[in-house]
> 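The structure that follows is given in the form of structure tokens.
Only a predicted model underlies this, so the values are computations on that prediction, with no experimental measurement involved. Within every chain, numbering begins at 1; the chains are lettered A, B, ... in the order of the sequence lines, protein sequences first and strands thereafter.
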There are 2 protein chains.
Amino acid sequence: MKYEQLKLANQLCFPVYAASRLITREYQPLLDKLEITYPQYLVLMVLWEKDGLPVNDIAKKLILNTNTITPLLKRMEQQGLISRKRSEKDERMVLVQLTKKGKRLQEKASKIPEALVKRLSDSKIKINDLVKLKESLNYMISFLSK
Amino acid sequence: MKYEQLKLANQLCFPVYAASRLITREYQPLLDKLEITYPQYLVLMVLWEKDGLPVNDIAKKLILNTNTITPLLKRMEQQGLISRKRSEKDERMVLVQLTKKGKRLQEKASKIPEALVKRLSDSKIKINDLVKLKESLNYMISFLSK
DNA sequence: ACTGAATTAATCGCCTGCGATTTAGTTTAA
DNA sequence: TTAAACTAAATCGCAGGCGATTAATTCAGT
């Protein structure tokens with residue numbers, strides 16, 4: 001194994017870790033207006049796409065464990081964004097539904113990605129590089145999440 | 001979908017967030033043997049490179065706030081990995097030093113990047129793509145961390 | 001029909017991660 | 001020289017994130 005490749009692991013893993021936190025920081029002021037956090041925003045995005053999903057489906061889409069997602073959903077329920085109820089067909093499952101408030105947030109949220117893209121494009125990273133970045137990460141994710 | 005842009009921005013942001021967590025999960029079993037966590041490993045890496053740094057320098061290198069790093073360092077002190085003492089030149093600063101135990105871990109840790117790279121190369125992502133990924137992320141980080 | 005395996009959420013305990021604030025020490029400028 | 005501005009670290013409170021375990025329900029094979 002070449003030394004260069006060894007360095008690469010650290011040079012790659014830390015940037016992913018740092019970039020993740022920095023991106024969340026960029027989202028925060030925008031999400032503050034909706035009084036939600038980034039993980040909560042992700043849950044809403046999943047539900048805006050397809051409402052009424054069981055906890056497990058949401059967890060899988062976000063690659064989170066139930067011990068993260070359960071309290072997260074409880075907080076969202078507390079804020080009146082979603083409702084949770086046991087499935088009648090299979091009582092093991094808890095189905096998550098958007099409330100009116102949760103649905104209404106979608107319109108406000110629709111302006112967030114635009115602001116984010118504008119901010120990132122100020123960085124002069126080429127769109128093409130962002131697309132490649134995305135592809136590489138998704139490839140890595142599909143491998144690591146098995 | 002009515003709000004198509006809600007999907008688009010997250011095609012990039014979510015993968016970074018997910019990849020970060022998946023990478024940490026990959027590290028975990030390796031770090032467990034050293035009885036440290038990923039953020040603790042990062043602190044050690046900084047100190048192995050240059051020992052005796054003030055808290056702030058470590059925080060800046062890792063792009064973390066003092067309210068994250070202070071308790072993290074306290075836990076590491078508790079485990080006997082580092083020592084903390086006030087600088088005599090400037091009593092505002094706390095200098096962080098590796099203990100013998102902290103220094104000794106470096107050798108064991110040296111095998112970690114190798115294992116990670118091996119794992120990542122199993123994913124058949126080309127080394128060249130990883131290099132590009134790294135470069136894009138670093139560019140983004142340098143922009144966002146200003 | 002019955003039992004053991006599998007599935008789904010929830011719970012517990014711990015470690016980040018961060019906004020907001022506080023405390024202590026140092027610098028600066030009137 | 002001394003009060004205000006600045007800097008470094010710590011503190012507080014809350015929201016993730018996850019390993020390990022538990023409780024409830026369903027499934028599958030006999």
Side-chain angles (χ1 to χ4, degrees), chain A residues 14 17-33 35-43 53-60 62-79 81-82 84-96 144-145, chain B residues 14 17-33 35-43 53-60 62-79 81-82 84-96 144-145:
Chain A
F14 173 70
Y17 162 79
S20 174
R21 286 182 295 103
L22 287 170
I23 287 174
T24 304
R25 286 187 199 175
E26 287 295 315
Y27 269 103
Q28 209 48 63
L30 303 167
L31 295 173
D32 280 347
K33 292 175 190 165
E35 297 183 291
I36 57 176
T37 65
Y38 183 64
Q40 288 171 10
Y41 171 65
L42 293 177
V43 169
L53 290 175
V55 172
N56 226 12
D57 284 21
I58 299 173
K60 274 192 187 124
L62 301 182
I63 318 181
L64 288 169
N65 302 325
T66 61
N67 49 5
T68 296
I69 208 91
T70 294
L72 204 166
L73 291 173
K74 279 188 176 177
R75 282 187 291 271
M76 293 178 75
E77 188 179 36
Q78 211 66 34
Q79 292 177 253
L81 295 171
I82 58 161
R84 295 150 69 242
K85 69 165 206 290
R86 290 267 159 201
S87 163
E88 287 173 12
K89 287 183 187 165
D90 185 341
E91 299 242 334
R92 287 172 303 183
M93 294 197 296
V94 166
L95 303 180
V96 182
L144 293 180
S145 63
Chain B
F14 174 70
Y17 162 79
S20 173
R21 286 181 298 102
L22 287 170
I23 286 174
T24 304
R25 285 187 200 174
E26 288 295 315
Y27 270 104
Q28 208 52 60
L30 303 168
L31 295 174
D32 280 347
K33 292 174 191 166
E35 298 183 290
I36 56 175
T37 64
Y38 184 64
Q40 287 170 10
Y41 171 65
L42 293 178
V43 169
L53 290 175
V55 172
N56 227 12
D57 284 21
I58 299 173
K60 273 189 189 128
L62 301 182
I63 318 181
L64 289 169
N65 302 324
T66 61
N67 50 3
T68 296
I69 208 92
T70 294
L72 204 166
L73 291 174
K74 279 188 177 179
R75 282 187 291 270
M76 292 178 75
E77 187 179 38
Q78 211 66 35
Q79 292 178 254
L81 296 171
I82 57 162
R84 294 148 71 241
K85 69 165 206 291
R86 291 267 161 200
S87 163
E88 287 174 12
K89 288 184 187 166
D90 185 341
E91 298 242 333
R92 289 172 302 184
M93 296 197 295
V94 167
L95 303 181
V96 182
L144 292 179
S145 63

> What closest approach, in Å, do B:Val94 and B:Arg86 show between heavy atoms, and which atom pair accounts for it?
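Closest pair (atom of B:Val94, atom of B:Arg86, distance): CG2-CZ, 3.7 Å.
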> Parallel, tilted or perpendicular: which fits the ring planes of A:Tyr17 and B:Tyr38, with parallel below 30° and perpendicular above 60°?
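Ring orientation of A:Tyr17 relative to B:Tyr38: perpendicular.
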> Looking at every non-hydrogen atom in both residues, tell me the closest pair between B:Ile82 and B:Leu73 and how far apart they are.
CD1-O, 3.4 Å
> Which sits closer to the 5' end of DNA chain D, A:Asn65 or A:Lys89, going by the nucleotide each is nearest to?
A:Asn65
> Not counting sequence neighbours, which residues clear side-chain hydrogen bond (donor to acceptor under 3.5 Å, both in side chains) with A:Gln28? List them please.
A:Asp32
> Run the side chain to side chain contact (heavy atoms under 4.5 Å, CB included) check on B:Lys74 and B:Gln78 step by step: do they pass?
CA-CA 6 Å; B:Lys74 279 188 177 179; B:Gln78 211 66 35; 5.8 Å; no
> Quickly work out the B:Leu42 CG to C:dG17 C1' distance and round it to whole Å.
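These atoms are roughly 13 Å apart.
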> Mind checking what makes side-chain hydrogen bond (donor to acceptor under 3.5 Å, both in side chains) contact with B:Gln40, not counting sequence neighbours?
none
> Give the table of side-chain donor-acceptor pairs shorter than 3.5 Å for residues 63-72 of chain A, with sequence neighbours excluded, one pair per line with atom names and distance.
from    : atom 1 : to      : atom 2 : distance (Å)
A:Thr70 : OG1    : A:Thr66 : O      : 3.0

> Starting at atom CD1 of B:Ile58, determine the distance to atom P of C:dG17, rounded to an integer number of angstrom.
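It works out to 15 Å between those atoms.
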> Identify the 5'-most and 3'-most nucleotides of DNA chain D with at least one atom closer than 4.0 Å to a non-hydrogen atom of chain B.
D:dT7 to D:dC18
> I need the CD-P distance between A:Glu26 and C:dG17, as an integer number of Å.
18 Å
> Rounding to a whole Å, what distance do you find between B:Leu62:CG and C:dG17:P?
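Spelled out: CG on B:Leu62 to P on C:dG17 is 9 Å.
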> Would you please name every residue forming a side-chain hydrogen bond (donor to acceptor under 3.5 Å, both in side chains) with B:Arg84, sequence neighbours left out?
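B:Arg84 satisfies side-chain hydrogen bond (donor to acceptor under 3.5 Å, both in side chains) with B:Glu77 only.
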> Within the 4.0 Å limit for protein heavy atoms, which parts of nucleotides 7-16 of chain C are touched? Write it as a string from 5' to 3', B for base, S for sugar-phosphate only, - for none.
BSSBBB--SB
